[in-house]
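Next up is a structure, given as structure tokens.
Hydrogens, waters and symmetry mates are skipped; everything else that's a heavy atom, side chains included, is used.
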Amino acid sequence: GPVKEGTVGAGTGMVSYGFKGGIGTASRKLSEKEGGYMVGVLVNANHGRRPELTIAGVSVGKLYEPPPQAQQQSHALTPGQSEGSIIVLIATDAPLDSRQLTRLAKRAALGLARTGSTARHSSGDFMLAFSTANVIPHYPTEPAYSLTHLADSHINPLISATVEATEEAILNALTMATSVTGRDGHRIEALDLTRLNRILQPAQR
């Protein structure tokens with residue numbers, strides 16, 4: 001069945017851009033000409049302030065009329081207060097070495113930025129990338145083993161795929177989450193998709 005996103009597992013208590021956050025995932029498949037590799041991204045979104053939220057280039061957070069309580073909450077953050085964090089996991093079957101995987105992980109920050117985040121001070125965002133392409137023997141029988149290695153000149157499609165999938169995974173976390181009431185009646189509303197549609201309509205036209 002479909003992968004559960006939003007308010008599930010580790011995403012249950014997460015808040016992103018002043019809305020309910022949580023788990024989101026997205027992937028891209030490169031064309032055969034580009035190697036046919038897959039890039040999958042999984043995020044746990046727990047970051048950002050409401051006025052920052054940007055979707056498809058539209059300042060959704062600023063245009064979304066917040067209920068009074070949420071408005072107080074999004075502006076009540078004082079200097080030194082925790083900003084929350086996002087975890088981004090990038091998986092690929094492209095044969096990349098650790099240096100190239102670090103490059104992909106850095107590029108995930110560009111996908112995060114497309115949703116409006118500026119990675120403020122005390123925001124503990126981290127990105128981790130891994131490849132399933134090469135199997136390294138734990139107990140090698142021979143002194144040497146061979147690895148396949150993607151040429152740096154062919155990495156651009158993987159960079160684009162990582163940026164796109166990271167952005168989409170964050171938006172999936174926000175749009176799939178459900179409103180939650182926690183301890184002491186503390187309630188975090190999910191992003192209202194009807195209101196979101198209304199805000200995005202002029203851009204869609």
TODO: Answer yes or no: is there a donor N or O on one side and an acceptor on the other, between the side chain of T102 and the main chain of S98, under 3.5 Å?
DONE: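 Checking the backbone N and O of S98 against the side chain of T102, a donor-acceptor pair under 3.5 Å is found.
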Task: Which atom of S117 lies closest to which atom of H47, heavy atoms considered - done: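 For S117 and H47, the tightest heavy-atom pair comes out as CB-CD2, 4.1 Å.
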TODO: First locate atom CG of L104, then atom CD1 of I90, and finally report the distance between them rounded to the nearest 0.5 Å.
DONE: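 Atom-to-atom, L104:CG and I90:CD1 are 6.0 Å apart.
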TODO: Using atom types as modelled and distance alone, determine if a side-chain donor or acceptor of N172 lies under 3.5 Å from a backbone N or O of T25.
DONE: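 At least one qualifying donor-acceptor pair exists.
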Open item on the list: Using only atom types and a distance under 3.5 Å, with no angle test, would you say the side chain of D125 pairs donor to acceptor with the backbone of I86?
Closed with: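 Confirmed, D125 side chain pairs with I86 backbone.
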- [ ] Without swapping roles, check the side chain of Y17 against the backbone of T115 for a donor-acceptor pair under 3.5 Å.
- [x]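 Pair found, side chain donor or acceptor close to backbone of T115.
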TODO: Ignoring hydrogens and angles, tell me if any N or O in the side chain of S31 forms a donor-acceptor pair with the backbone of E34 under 3.5 Å.
DONE: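 Between the backbone of E34 and the side chain of S31 there is a qualifying donor-acceptor contact (under 3.5 Å).
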TODO: Would you mind checking if R50 and E52 are paired as a salt bridge, meaning a charged N to carboxylate O distance below 4.0 Å?
DONE: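 Salt bridge flag = no for R50 with E52.
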TODO: Looking only at non-hydrogen atoms, find the nearest pair between A177 and G21 and report the distance.
DONE: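 It is CB-O, 3.6 Å.
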Open item on the list: Applying the side chain to side chain contact (heavy atoms under 4.5 Å, CB included) criterion to R114, which one of T54, V163, I55 satisfies it?
Closed with: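 Only one of T54, V163, I55 forms a side chain to side chain contact (heavy atoms under 4.5 Å, CB included) with R114, namely V163.
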Task: side-chain contact (heavy atoms from CB on, under 4.5 Å) evaluation trace for V180 with R187 - done: CA-CA 6 Å; V180 169; R187 184 168 174 80; over 6 Å; no
Task: salt bridge (Lys or Arg N to Asp or Glu O under 4.0 Å) involving E5 - partner list, sequence neighbours excluded - done: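 If we apply the salt bridge (Lys or Arg N to Asp or Glu O under 4.0 Å) test to E5, skipping adjacent residues, there are no hits.
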- [ ] Identify the two heavy atoms, one from L101 and one from F130, that lie closest to each other, and give their separation to 0.1 Å.
- [x]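 Shortest heavy-atom contact: CD2-C, 3.8 Å.
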Task: Closest heavy-atom pair and its distance - A190, S179 - done: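 Result for this residue pair: N-OG, 2.9 Å.
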- [ ] Check whether any side-chain heavy atom of K20 lies under 4.5 Å from a side-chain heavy atom of V15, and answer yes or no.
- [x]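 Answer no - side chains too far apart.
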Task: Donor-acceptor contact present, side-chain N46 to main-chain G84, <3.5 Å - done: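 Pair absent, no side-chain N/O of N46 close to backbone of G84.
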Open item on the list: Quick one, R28 and T162 - any side-chain contact, counting heavy atoms below 4.5 Å?
Closed with: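 Not touching, per the 4.5 Å side-chain cut-off.
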- [ ] Flag yes if F126 and L112 sit in one hydrophobic cluster, no otherwise; membership is Ile, Leu, Val, Met, Phe, Trp, Tyr, and two members link when side-chain heavy atoms are under 4.5 Å apart.
- [x]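 No; L112 is not reachable from F126 via cluster members.
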Task: Residues, nucleotides or ligands: over 12 heavy atoms within 6.0 Å of H154 NE2 - done: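 Count not over threshold, so no.
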Task: Joint hydrophobic cluster, L42 plus I87, side-chain heavy atoms closer than 4.5 Å - done: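 Linked within one cluster.
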Task: T148 (side chain) donor-acceptor with P95 (main chain) under 3.5 angstrom - done: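 No, T148 side chain to P95 backbone: no donor-acceptor pair under 3.5 Å.
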- [ ] May I ask you to check whether T12 and T7 show a side-chain donor-acceptor distance below 3.5 Å?
- [x]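 T12 vs T7: no donor-acceptor pair found between side chains.
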Task: Any M176 side-chain heavy atom under 4.5 Å of K4 side chain - done: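 M176 vs K4: side chains apart.
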Open item on the list: Taking NZ in K29 as the centre, count heavy atoms belonging to other residues, nucleotides or ligands within less than 6.0 Å. Is the count above 12?
Closed with: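 Counting other residues, nucleotides and ligands, NZ of K29 exceeds 12 neighbours.
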Task: Side chains of V58 and I199 in contact at under 4.5 Å (non-hydrogen atoms) - done: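 Touching, per the 4.5 Å side-chain cut-off.
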Task: Atom pair CG/CZ of L158 and R107 - distance to nearest 0.5 Å - done: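 The CZ atom of R107 is 11.5 Å from CG of L158, to the nearest 0.5 Å.
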Task: Main-chain N/O of H186 paired with D184 side-chain donor or acceptor, under 3.5 Å - done: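 No, the answer is negative, given that no donor and acceptor are paired below the 3.5 Å cut-off.
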Open item on the list: Under 4.5 Å between side-chain heavy atoms, counting indirect links through other Ile/Leu/Val/Met/Phe/Trp/Tyr residues: same cluster for V8 and L191 or not?
Closed with: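 No, V8 and L191 fall in different hydrophobic clusters.
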Open item on the list: Hydrophobic clusters here meaning ILVMFWY residues chained together by side-chain heavy-atom distances under 4.5 Å, can you tell me if I23 and V41 are in one?
Closed with: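 No, because I23 and V41 fall into different hydrophobic clusters, even though each may have its own neighbours under 4.5 Å.
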Task: Side chain proximity check, E168 to E164, heavy atoms < 4.5 angstrom - done: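 Not in contact.
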Task: Nearest-0.5 Å distance that lies between atom CD1 in I170 and atom OG in S16 - done: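 Rounded to the nearest 0.5 Å, the CD1-OG separation comes to 7.0 Å.
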Open item on the list: Quick test of your reading of the model: are R198 and D192 salt-bridged, counting only N-O distances below 4.0 Å?
Closed with: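 Salt bridge: no.
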Task: Any side-chain heavy-atom pair of V60 and L63 under 4.5 Å - done: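 Contact flag for V60/L63 side chains = no.
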Open item on the list: For G124, is there any backbone N or O sitting under 3.5 Å from a side-chain donor or acceptor partner on S85?
Closed with: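 Pair found, side chain donor or acceptor close to backbone of G124.
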Task: I159 with M38, same ILVMFWY side-chain cluster at under 4.5 Å - done: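 Different hydrophobic clusters.
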- [ ] State, to 0.1 Å, how close K62 and P51 come at their nearest heavy-atom pair, and which atoms those are.
- [x]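 Looking at all heavy atoms of both residues, the shortest contact is CG-O, 3.4 Å.
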- [ ] Taking the side chain as every heavy atom from C-beta outward, state whether N44 and M14 have any pair of such atoms under 4.5 Å apart.
- [x]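 N44 vs M14: side chains touch.
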Open item on the list: Whether the side chain of T92 engages the backbone of S131 through a donor-acceptor N/O pair (distance < 3.5 Å, no angle test) should be reported.
Closed with: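 Here the side-chain-to-backbone pair does not exist.
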- [ ] Can you measure from CD1 (I136) to CG (L147) and round to the nearest 0.5 angstrom?
- [x]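 Here the interatomic distance stands at 5.5 Å.
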TODO: Rounded to the nearest 0.5 Å, what's the gap from CG on L96 to CG on N134? Could you check?
DONE: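 So the CG of L96 and the CG of N134 are separated by 9.0 Å.
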- [ ] Flag the pair L53 / F19 as yes when at least one side-chain heavy-atom distance between them is below 4.5 Å, and no otherwise.
- [x]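 Touching, per the 4.5 Å side-chain cut-off.
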Task: For A26 against A165, the heavy-atom pair lying closest together - done: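 Looking at all heavy atoms of both residues, the closest pair is CB-O, 3.4 Å.
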